[in-house]
There are 2 protein chains.
Amino acid sequence: MARTAGRPTRSKAEIQEFRSKIGKHALEIYRVEGFGAVSIRRLAKEVGCAPMTIYAHFEGKTDILRFLWADVLRDMSHDIEKKLKSVVDARERLRAAAQAFVDYWIDHPDHFRLVFMSNDVTRADVSAFIMDEDTLAHFLMFSGFIREVHPEEHDVKMSTDTLISGLIGIALCMNTMPDYPWADAASMTNQLLSSIST
Amino acid sequence: MARTAGRPTRSKAEIQEFRSKIGKHALEIYRVEGFGAVSIRRLAKEVGCAPMTIYAHFEGKTDILRFLWADVLRDMSHDIEKKLKSVVDARERLRAAAQAFVDYWIDHPDHFRLVFMSNDVTRADVSAFIMDEDTLAHFLMFSGFIREVHPEEHDVKMSTDTLISGLIGIALCMNTMPDYPWADAASMTNQLLSSIST
DNA sequence: TTAATATTTGGTACGCGTTCTATATTATTA
DNA sequence: TAATAATATAGAACGCGTACCAAATATTAA
């Protein structure tokens, strides 16, 4: 189809640039003042555009908050790596990683809320938790740990998925139901790990 | 201390009555029009009081939404019971219950969001997920199932907690990250169960 | 340049949760 | 009855997410 007259559609690069400008500023606000301070109106004002312009580039606020996930997950990964430095045994590395994972989310409840509980209840539709490969890598590191412990394991993927969702579940429960006397996180993590250690 | 003059404090019964009146009406709205339709302003208008009066009885909107949890959990329990009717073997009952639990939350994503993801991200404080005993019972039924399968099990509580949080985690992951190719829920549930079957 | 089209902007609007203040209402004791 | 204290109310205000719309602006093909 031949190009007609008129202003051309924004290039992918332009769109990307604007989105990341907004995203970076959102990150800055959140780091200094917390999530509550991140608002579309404020973002627009401080970045120098109209609020509606943001809606031309993002689906909504949740779409902006996704930009913060990467930062949080990176922080989490660093935290885990730090704790793993002195651990050599493969089995113990897996255990320590799982434990560090849970601990991170328990120690940073606001981060947990941002990443795992940021879907608006008022929305009926299931808004997708879209992740790029870099982001996913922060979760899939567990695949590597599992493979180290069980090189013969036939279904590493299922073990990984079960472990990850289980660990997230532990964090969710301890975060959102702090008054219920849960068994301690370490014990639950260990028991969960026992399910994938054949 | 002697009573002084002045209007006496509301009795517990009065407080309870008002709270349940609001709660019941919220339930009605939500059943007909969904969660998005439940708002404090509307609640006040339809129940015949000022919006501020509600704030005298509830901490905030989340505090009201808690009234809907009981309803959702009851619904979930009924669903599980129905599916368990024809299952006699204890081990299979546990498995079927766990599966039905996960399935329920996957089939009713809006209910899942209400119960497990209704904490406002903007709030820094961890608002407690307070449950009464009736509500808790809907979760603790798993203790019974586990005990039936493993009468000798020394730490039923830990197994129960690990199972519940793990199942919730599976539901959370599949609900909030539907685009990620998770292993199927049944497989993950089974693997999770293997961790408590010693 | 002109016409066509994409995008941005500003303004207005709705309903929301929440907070504040000032005023009224109520039920009790003195 | 009068004073008093608990409670309820109305009203305004703030900032929010989101939607709609008309006007302005930018960028291209003809």
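Please read these numbers as outputs of a predicted model, since none were measured by experiment. Reminder, nothing fancy here: chain letters follow the sequence lines and each chain counts from 1.
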Euclidean distance, atom NZ of residue B/K45 to atom C1' of D/dG11 [Å, nearest integer]: 15 Å
Angle between terminal axes - the helix from C/dT1-D/dA30 to C/dA30-D/dT1, 5 pairs each end, rounded to 10°: 10°
Carboxylate-amine/guanidinium proximity below 4.0 Å for A/E92 and A/R95: yes
NZ/NE/NH1/NH2 to OD/OE distance under 4.0 Å, B/R113 and B/D110: no
d(CZ, B/R19; P, D/dA8) in whole Å: 13 Å
Separation of atom CD in A/E17 from atom P in C/dT7, rounded to whole Å: 15 Å
Rounded interatomic separation in angstrom, taking CD1 from A/I54 and P from D/dT18: 11 Å
Rounded interatomic separation in angstrom, taking CD from B/E59 and C1' from C/dT19: 15 Å
Phosphate OP1/OP2 of C/dT18 contacted by B/Y55 side-chain N/O (<4.0 Å): yes
Whether A/H111 and A/H108 hold their rings parallel, tilted or perpendicular, with breakpoints at 30° and 60°: parallel
Where protein sits on nucleotides 8-14 of chain C, one letter per nucleotide: B base, S sugar-phosphate only, - none, heavy atoms under 4.0 Å: SBBB-B-
Distance below 4.0 Å between B/S39 side-chain N/O and C/dG15 OP1 or OP2: no
Parallel, tilted or perpendicular: ring planes of A/Y30 versus A/F35, cut at 30 and 60 degrees: parallel
A/R93 side chain to A/V87 backbone, donor-acceptor under 3.5 Å: yes
Carboxylate-amine/guanidinium contact A/R19 A/D63, below 4.0 Å: yes
Student check: side-chain heavy atoms of B/I196 and B/L94 closer than 4.5 Å: yes
Heavy-atom side-chain proximity of B/L73 to B/F139 below 4.5 angstrom: yes
Gap between atoms CD and C1', on B/E14 and C/dT26 respectively (whole Å): 11 Å
Distance in angstrom units between A/R42 CZ and D/dG17 P, rounded: 11 Å
